Amino acid sequence: MSGNSPQLVLLGSGAREHALAIKLRQDGATVHVLPGNAGIPGSVPGISATDFPAIKNFCHEHAVKLIVVGPEAPLAAGVADYFLDTDIRVFGPRRQAATLESSKVWSKDFMRRHGIATARAWSYRSDQFADAHAQAEELNGQVVVKYDGLAAGKGVYVCNSVAEAAHALTELRELHDGWFSFLLEEKLTGPEVSLIGLTDGNRIRMLAPAQDHKQLLANDEGPNTGGMGAYCPVPFLDDNWLATIRRDIIDPTLRGLQAEPFDFIGFLYFGVMLTPDGPKLLEYNVRLGDPEAEVILPALESSLLELIVAALDGNLAQTITRQRPGAFVGLVLASGGYPAAEFPTGFPIHGIGNQGQGTQLYLGGVKPGETDGELLTNGGRVAVLVSHGPDLPTAVQLAYAEAELVYFQDKYVRPDIGQRPTPLLETSAY
Ligand code: AMP
Ligand code: GLY
């Protein structure tokens, strides 16, 4: 059996990679996770996801011919370029294509060039703050300020007044040295959805639509985080909305990718806001979302491995994606104090492995303890607990009941994941 099992390297170290590893193993692969973490079987803690020579050696030693990339950093560092002329294939875009995520200004220009529905925006360099202040005043401060680069979740300011916009611009100027660019965008309103597909640059196979919960506290209050929970599918995203998103965002993106001088192979994530004027693209990510992946992957009935290989072979047209029925809800089990710069960690985690049927615990911010098999908290987002139910309310109930059974000191779980009131969406307005 193991003779037929393809050897695969998965790059990354979070709960998203735990979910990817489990799914790819179910699909028949032998998965080595570099570096992984103490909670993911098959982890290789000595090799970082951006140490390309070490990854290459590992691949040679273990007859690995396929690398699947979880996070953005190895893509932005050029992992797909590094392995280009080797017999090892990388599922993930090359460095230039990864700019769709790493540069907000470049990404907005791409959207404009290819007629993709998005918010109006103005781009500035760091010597043009006066112009940006004037434009923010003209829009009555209803703007979003975006730093043009990877800013670890701290580069976006959603403003409600001229004073807030002025404060955001001042903070941006103080935080960054030297030359940089930034965007000012009109502020849009509406619920957000995460749409993720696998593409070979010509076709795309979409996975289940999901919704993230980015703020720390209930009712979308408090500071922004990397995500406190997710669910899929999204009940209010009906066929009308999906067809319009296809027409105004996804199809023009594929035409755009074909027109650009780079190939895009990998996961492509569309962060979409459903506004009164129709769907608008807020951002691309060039990877699976986290924690969206933790609900989308168990929802996928089809083989992810087959989809990945088909995308690399340019054969996506031959594939279909089948989803499991019902709803999937993922709760982030976070360390108290997250997302502040510092908070206590190192607490023992109890209840791992006690999950009942229909529930899976994906481990992220963990490290080994003193005794064999013991895990300690080691970060903000410690784990994502995912439950499956016949419908969203049932899955939510099961997830919260199961989350009670996993314990560590200072554990925090946002209390309203998957329980936002159904939005009133005006679908006839556009
Ligand atoms: P981004 O990294 O560009 O997706 O921005 C992060 C978050 O800021 C998004 O998930 C939205 O919640 C919010 N945001 C970004 N752009 C806009 C916009 N034009 N209008 C309203 N909210 C926005
Ligand atoms: N959950 C949003 C992201 O992964 O960027």
Side-chain angles (χ1 to χ4, degrees), residues 12 14-17 19-20 69-73 75-76 98 100-108 110-111 116-123 135-136 139 141-160 164-165 168 182-196 207 209-216 220-232 249 267-297 330 332 334 339 364 380-381 384 414 417 420:
R16 168 183 50 204
E17 285 70 36
L20 270 166
V69 187
E72 205 251 348
L75 298 168
L100 276 178
E101 174 168 350
S102 57
S103 166
K104 300 273 186 206
V105 170
W106 198 90
S107 171
K108 183 63 82 172
F110 175 92
M111 295 178 208
I116 292 152
T118 185
R120 285 188 303 156
W122 296 262
S123 56
Q135 184 62 48
L139 295 168
Q142 301 301 308
V143 295
V144 182
V145 179
K146 299 184 177 183
Y147 174 69
D148 182 43
L150 295 175
K154 299 231 166 100
V156 176
Y157 302 83
V158 181
C159 309
N160 280 312
E164 270 185 43
F182 61 98
L183 275 187
L184 199 72
E185 261 185 40
E186 63 174 337
K187 191 172 81 174
L188 304 174
T189 54
E192 286 178 54
V193 291
S194 305
L195 298 165
I196 307 176
L207 305 175
Q211 209 181 23
D212 189 5
H213 299 65
K214 286 191 176 128
Q215 284 84 12
L216 182 70
D220 294 329
E221 287 172 6
N224 250 313
T225 71
M228 295 306 295
Y231 70 89
C232 77
I249 295 175
F267 292 108
L268 186 56
Y269 170 128
F270 303 82
V272 175
M273 189 173 263
L274 309 180
T275 82
D277 295 323
K280 307 280 182 198
L281 182 64
L282 297 184
E283 64 163 344
Y284 294 109
N285 291 323
V286 298
R287 53 176 173 80
L288 282 168
D290 189 354
E292 289 95 326
E294 289 90 314
V295 291
I296 289 172
L297 293 172
V332 171
R381 295 193 294 172
V384 181
R414 184 173 144 168
I417 305 299
R420 285 193 179 110

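What you see is a predicted model, and the numbers here were worked out from it, not measured in a lab. Both counts, for ligands and for their atoms, begin at 1 and track the order of listing. Counting from 1, the numbers follow the sequence of the chain as shown.
- The G289 neighbourhood of ligand 2 comprises atoms 4 (O), with distances under 4.0 Å to a heavy atom of that residue.
- Annotation for ligand 2: atoms under 4.0 Å from non-hydrogen atoms of Y269 are 2 (C).
- Taking each heavy atom of D277 and K280 in turn, the nearest pair found is O-NZ, 3.8 Å.
- Closest heavy-atom contact between P291 and G227: CD-CA, 3.9 Å.
- Taking only nitrogen or oxygen atoms, main chain and side chain alike, D212 reaches within less than 3.5 Å of ligand 2.
- A salt bridge between E186 and R120 is present, with a side-chain N of the basic residue lying under 4.0 Å from a carboxylate O of the acidic one.
- Shown in contact with E292 at under 4.0 Å from a heavy atom are these atoms of ligand 2, numbered in order with element: 1 (N), 2 (C).
- Sequence neighbours left out, the pairs with a member in residues 220-230 that pass salt bridge (charged side-chain N to carboxylate O under 4.0 Å, His left out) are D220-R414, D220-R420.
- Protein residues with a heavy atom under 4.0 Å from ligand 1 are K104, A119, V144, K146, V156, V158, E185, E186, K187, L188, E192, K214, M273, L282, E283.
- Under a 4.0 Å N-O distance rule, the pair K108/E185 qualifies as a salt bridge.
- At a heavy-atom cutoff of 4.0 Å, ligand 2 is contacted by no atom of L288, backbone or side chain.
- For Y284 and Y269, the gap between ring centers reaches or exceeds 6.0 Å.
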- Task: In sequence, state the C-alpha distance, the side-chain angles, and the governing distance for Y231 and Q211, and then conclude on side-chain hydrogen bond (donor to acceptor under 3.5 Å, both in side chains).
- Result: CA-CA 6 Å; Y231 70 89; Q211 209 181 23; 2.6 Å; yes
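- When only non-hydrogen protein atoms are considered, atom 5 (O) of ligand 2 lies nearest to R287 NH2, 2.9 Å.
- Considering backbone and side-chain atoms alike, E283 places every N or O at 3.5 Å or more from each N or O of ligand 2.
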- Message: Applying side-chain contact (heavy atoms from CB on, under 4.5 Å) to D148 and L183, what does each step give before you reach the verdict?
- Response: CA-CA 7 Å; D148 182 43; L183 275 187; over 6 Å; no
- Task: For the pair E72 and S102, evaluate side-chain contact (heavy atoms from CB on, under 4.5 Å) and give the outcome as yes or no after the intermediate values.
- Result: CA-CA 8 Å; E72 205 251 348; S102 57; 3.6 Å; yes
